[in-house]
Protein chains: 2
Amino acid sequence: MNLLKHLTELLGPEKVTANETILEHHSKDESYFEPVLPDVVAFPESKEDVQKIVAFAKENKIPVVPFGVGSGLEGHAIPVHKGISVDFSQMNQIVELRAEDLIVKVQPGVTRLQLNHELNKHGLFFPVDPGADATIGGMTATNASGTQAVRYGVMKDQILDLEVVLADGRIIHTGTLAKKSSSGYHLNSLFAGSEGTLGLFTEITLKLHGIPESIMAARACFPTVKQCVEAAVSILSAGIPIARMELVDDRSIAQVNLFSGTVFPEEPSLFLEFHGNEAGNEADAQFVYDLFEEHECQEFTFEKDSLKRAQLWKARHDLSYAFRHSDPKLETIGTDVCVPISKLPEMVEYARTRIEKHGFDGAVLGHIGDGNFHTLVLFDPKDKEQVQKTSLLNEEIVEFAFTLGGSCTGEHGVGLGKIKYQRQEHGEALDVMAGIKHMLDPDNILNPGKLLPVETKATV
Amino acid sequence: MNLLKHLTELLGPEKVTANETILEHHSKDESYFEPVLPDVVAFPESKEDVQKIVAFAKENKIPVVPFGVGSGLEGHAIPVHKGISVDFSQMNQIVELRAEDLIVKVQPGVTRLQLNHELNKHGLFFPVDPGADATIGGMTATNASGTQAVRYGVMKDQILDLEVVLADGRIIHTGTLAKKSSSGYHLNSLFAGSEGTLGLFTEITLKLHGIPESIMAARACFPTVKQCVEAAVSILSAGIPIARMELVDDRSIAQVNLFSGTVFPEEPSLFLEFHGNEAGNEADAQFVYDLFEEHECQEFTFEKDSLKRAQLWKARHDLSYAFRHSDPKLETIGTDVCVPISKLPEMVEYARTRIEKHGFDGAVLGHIGDGNFHTLVLFDPKDKEQVQKTSLLNEEIVEFAFTLGGSCTGEHGVGLGKIKYQRQEHGEALDVMAGIKHMLDPDNILNPGKLLPVETKATV
């Protein structure tokens with residue numbers, strides 16, 4: 001069938017295209033997975049447009065794959081079974097800001113920086129920062145988190161309500177404007193993190209936070225990565241409400257200095273941030289300093305100045321980009337495991353040992369306040385042995401995380417890359433998940449090939 | 001069939017009873033709903049026992065109703081269709097405490113105070129406190145919250161993993177030990193708050209928190225309830241991380257003084273608590289004091305002494321009990337709406353006006369930091385006009401909360417009492433909920449008659 005023709009009739013010519021450059025842009029994300037061109041790209045401007053697209057897709061059993069800005073790391077937006085890529089860039093309005101309620105309602109195409117730019121005018125901010133300037137829709141779909149989750153929680157924790165177009169065209173609301181509710185089954189967290197496989201979001205209502213009176217950042221260097229991690233664990237055990245706590249190993253610092261022109265000491269480091277009032281932050285920072293002394297901290301530098309602070313976090317955010325774009329011939333592949341915090345030292349040690357063992361140039365970094373960290377290794381996608389080794393490395397790290405009671409993905413999501421670990425992580429709960437998918441999308445038109453392994457199809 | 005005989009054969013005589021006194025104990029909770037005796041009460045001692053009970057119930061299509069300590073307020077534990085009341089009091093072990101990971105694994109029959117008694121030895125605490133010494137299983141099933149939710153979140157936010165016996169006897173785990181995960185659909189929050197209708201919990205793994213270095217409590221009086229609420233809203237807007245913020249109106253204070261022998265001024269009051277380090281708490285408290293001045297605060301008293309602080313919170317916790325047991329001829333009925341915080345002043349005003357209009361003796365109190373409050377009215381259950389009026393009052397308050405974008409229940413759950421509001425609150429999302437229920441429990445043996453309205457049965 002002529003998809004372009006039919007969708008153009010349905011939506012109007014300005015909202016549908018099969019232009020080769022645009023198809024190509026929607027064929028990939030920031031992952032290493034093989035691009036696949038969609039048949040067409042649709043640019044809905046309203047929930048009614050989304051409804052029309054989904055109804056058409058259902059009638060004709062055509063895959064529908066939502067697309068934000070393509071900053072995902074696990075292939076979520078790649079239309080592996082082709083069909084319609086639904087680009088939300090034309091649904092990028094902040095629908096309603098209720099500053100006095102600490103609530104905002106946005107369309108899914110609003111990006112993180114766009115939102116915070118608006119919120120900051122009101123003394124408010126939205127804390128989830130996956131690094132990339134992702135869309136709120138994409139962040140919701142993958143249950144993103146990032147550097148401030150240790151204090152403010154992950155994406156699903158911020159959601160008050162989702163307006164969702166289901167596969168059968170119904171529009172539901174998963175919540176209300178109330179900050180808490182014990183009414184009905186809690187659907188917010190079921191749809192958040194569902195990666196476009198249960199429905200398409202058309203409006204997202206989020207909790208907001210007041211910008212703290214005082215923000216203080218610090219950088220601490222340790223002799224070894226293990227000592228960094230142990231120092232981090234000691235902060236959490238002491239109950240200090242740290243707002244950010246990032247591990248950046250020596251290899252990462254070298255890369256960031258190269259990429260960002262910074263001159264940070266190339267030692268295993270923690271980047272920290274405290275949010276509160278000035279007296280409280282100073283007391284917390286002093287306590288942290290004392291704790292770090294016990295872990296042989298070699299340097300502890302405050303970045304009180306807001307410009308210096310911004311530089312610190314920009315360097316951190318640019319890190320994975322700095323690796324990914326360091327050499328056009330090389331690709332990067334990362335892991336995203338999350339383990340109980342006391343197991344972090346051995347988990348990180350294990351990851352570093354395996355990277356070395358396989359002879360990779362790679363780094364360890366991440367959100368260790370949550371027990372979540374990433375390994376990033378550079379490899380040549382044309383070198384078969386290297387490709388095999390990256391795959392083996394991934395498996396080794398995920399398997400080790402499982403033995404510690406952890407998860408294969410703390411924040412990047414399943415997409416294509418973590419499907420093979422779903423049965424092992426979830427056991428029979430995977431069949432419950434497959435049952436929910438089957439109930440809501442019996443024809444499997446919503447982002448098919450993602451999140452659930454094919455084997456689970458048979459069990460529902 | 002002879003249920004007692006069959007279950008006794010299955011589980012052994014010490015785990016099953018049809019003793020009249022025990023049946024009667026399992027026929028009711030703290031709500032005003034008509035008691036219904038179960039056919040038998042089972043006391044499982046292991047997940048295998050629970051599995052056996054559920055398998056037997058499924059085969060014979062007999063209702064299974066979980067029971068904690070019967071402290072629920074919406075009739076969740078009442079076996080309205082009779083069958084087996086499953087009492088978890090023999091599954092009350094703390095299975096594993098991993099202090100260094102801030103994780104504990106418990107059986108569902110562990111109570112809140114039992115847990116905190118153990119945790120406190122390790123400098124840790126579990127923050128969810130619904131007032132009653134409820135079981136962790138019951139608190140999970142209703143997604144309980146209470147006074148500290150404003151800072152630490154509600155029950156579902158604390159859950160890392162649930163071991164659940166499904167209606168078909170399968171045992172699943174809804175999570176892992178990782179603090180965050182983007183793997184699969186997020187089932188923790190689907191089962192938390194499901195009120196025994198989707199499965200029976202046999203183990204619950206929770207996040208813990210370090211006891212803060214400094215805890216400071218305060219009491220503030222205002223000329224009117226409206227000013228109390230406005231003062232509370234101003235704290236939240238300023239981004240102060242208040243740990244507790246309770247509204248207790250003048251009528252409530254009078255009752256608590258009577259019941260607890262306290263001598264608090266009988267004025268509309270806020271009870272507050274700050275958690276952090278001493279310097280930070282003092283700075284926050286000073287800021288709060290300044291904000292309160294603008295709202296004509298008449299008295300601001302610190303309770304720094306831990307005994308005085310304990311007395312303050314005991315008085316608050318005993319409040320609803322103080323009303324409920326004030327006169328043996330009278331019953332209480334409460335509402336539990338939750339609305340956006342800026343709407344609280346008008347919502348609370350409305351509730352007070354309606355209580356007066358109907359001529360009830362009643363109070364307004366609650367967790368206003370979350371936008372959640374309760375009205376409590378005393379009524380004579382034998383007086384038909386009064387009973388009708390309580391019902392009308394409930395409806396008026398819920399309806400008004402809906403017009404403000406709120407929820408009919410912030411923390412008590414649906415049970416029997418809020419079923420009639422489910423369609424209005426959730427719209428078509430209710431059919432998704434019913435679909436999930438139908439998929440997991442097609443014979444409707446798990447706590448039938450709760451949470452979902454009967455009409456939704458037909459739509460799946």
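Lettering of chains follows the sequences in order, A, B, ..., and the numbering in each one begins at 1. Values in this document were obtained by computation on a predicted structure and should not be read as measured data.
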**Study point:** Selection residues 163-187 of chain A - residue pairs positive for salt bridge (charged side-chain N to carboxylate O under 4.0 Å, His left out), sequence neighbours left out
**Key:** Lys47(A)-Glu163(A), Asp168(A)-Arg170(A), Lys179(A)-Asp370(B), Lys180(A)-Asp370(B), Lys180(A)-Glu411(B)
Exercise for review: With the side chain counted from C-beta on, respond yes when Glu428(B) and Ile171(A) share a heavy-atom pair under 4.5 Å apart, and no when they do not.
Suggested key: no
Point to revise | chain A interface, residue from Leu198(B), Ile240(B), Val233(B), Val339(B) that has the most non-hydrogen pairs under 4.5 Å | key: Leu198(B)
Review point. Who among Asn143(A), Asp284(A), Thr409(A) has the most heavy-atom pairs with chain B under 4.5 Å?
Key: Thr409(A)
Review point. Considering only heavy atoms, which portion of His367(B) lies under 4.5 Å from any heavy atom of chain A: side chain, backbone, both, or neither?
Key: side chain
Point to revise | Proximal component of Leu166(B), with respect to chain A [non-hydrogen, under 4.5 Å] | key: side chain
Review point. For Glu74(A), what residues pass the salt bridge (charged side-chain N to carboxylate O under 4.0 Å, His left out) criterion, not counting sequence neighbours?
Key: Lys418(A)
Check your understanding: Say you draw a straight line from NZ of Lys156(A) to CG of Asp157(B); how long is it, rounded to the nearest 0.5 Å?
Key -> 6.5 Å
Check your understanding: With only heavy atoms counted, which part of Val154(B) is less than 4.5 Å from chain A, the side chain, the backbone, both or neither?
Key -> side chain
Review point. From Asn277(B) CG over to Asn281(A) CG, what is the distance, rounded to the nearest 0.5 angstrom?
Key: 8.5 Å
Exercise for review: Can you tell which part of Leu440(B) gets under 4.5 Å to a heavy atom of chain A, answering side chain, backbone, both or neither?
Suggested key: side chain
Practice item. Report the option among His275(A), Met439(A), His209(A), Lys343(A) that has the most heavy-atom pairs separated by less than 4.5 Å from atoms of chain B. Key: Met439(A)
Review point. Side chain, backbone, both or neither: which part of Pro340(B) has a heavy atom under 4.5 Å from chain A?
Key: both
Check your understanding: What pair of heavy atoms forms the shortest contact from Cys338(A) to Ala178(B), and how long is it?
Key -> O-CB, 3.3 Å
Practice item. To the nearest 0.5 Å, tell me how far Leu236(A) CG sits from Glu100(B) CD. Key: 12.5 Å
**Study point:** chain A contact via Val337(B) - which portion, at a heavy-atom distance below 4.5 Å
**Key:** neither
Review point. Heavy-atom count around Glu230(A) CD within 6.0 Å, excluding the residue itself: above 12?
Key: yes
Point to revise | Pairwise distance CD1(Ile341(B)) to CD1(Ile103(A)) - rounded to 0.5 angstrom | key: 7.5 Å
Exercise for review: Only counting residues at least two apart or in another chain, list the ones meeting salt bridge (charged side-chain N to carboxylate O under 4.0 Å, His left out) with Asp161(A).
Suggested key: none
Exercise for review: Could you have a look at Thr197(B), Thr174(B), Leu404(B) and say which one has the most heavy-atom pairs with chain A under 4.5 angstrom?
Suggested key: Thr197(B)
Point to revise | Between Ser237(B), Ala279(B), Ala99(B), Gly210(B), the one whose heavy-atom pairs under 4.5 Å with chain A are most numerous | key: Ala279(B)
Practice item. For Asp101(A) and Ser342(B), indicate whether the former's side chain and the latter's backbone hold a donor-acceptor pair under 3.5 Å. Key: yes
**Study point:** Separation between CD of Glu425(A) and NE2 of His173(B), rounded to the nearest 0.5 Å
**Key:** 12.5 Å
**Study point:** Greatest number of heavy atom pairs closer than 4.5 Å to chain B - which of Val164(A), Leu124(A), Val414(A), Leu451(A)
**Key:** Leu451(A)
Practice item. Could you tell me which portion of Asn372(B) (side chain, backbone, both or neither) has an atom closer than 4.5 angstrom to a non-hydrogen atom of chain A? Key: side chain
**Study point:** Side-chain heavy atoms of Val432(B) within contact of Ile172(A), under 4.5 Å
**Key:** yes
Practice item. Measure distances from Glu282(B) to the heavy atoms of chain A and classify the residue's part below 4.5 Å as side chain, backbone, both or neither. Key: neither
Revision key, fill the gap. Per-residue tally against chain B (heavy atom, under 4.5 Å) across Lys437(A), Glu213(A), His412(A), Glu195(A) peaks at Lys437(A)
Check your understanding: Applying a criterion of heavy atom separation less than 4.5 Å, what residues of residues 181-190 of chain A form contacts with chain B?
Key -> Ser181(A), Ser182(A), Ser183(A), Gly184(A), Tyr185(A), His186(A), Leu187(A), Ser189(A), Leu190(A)
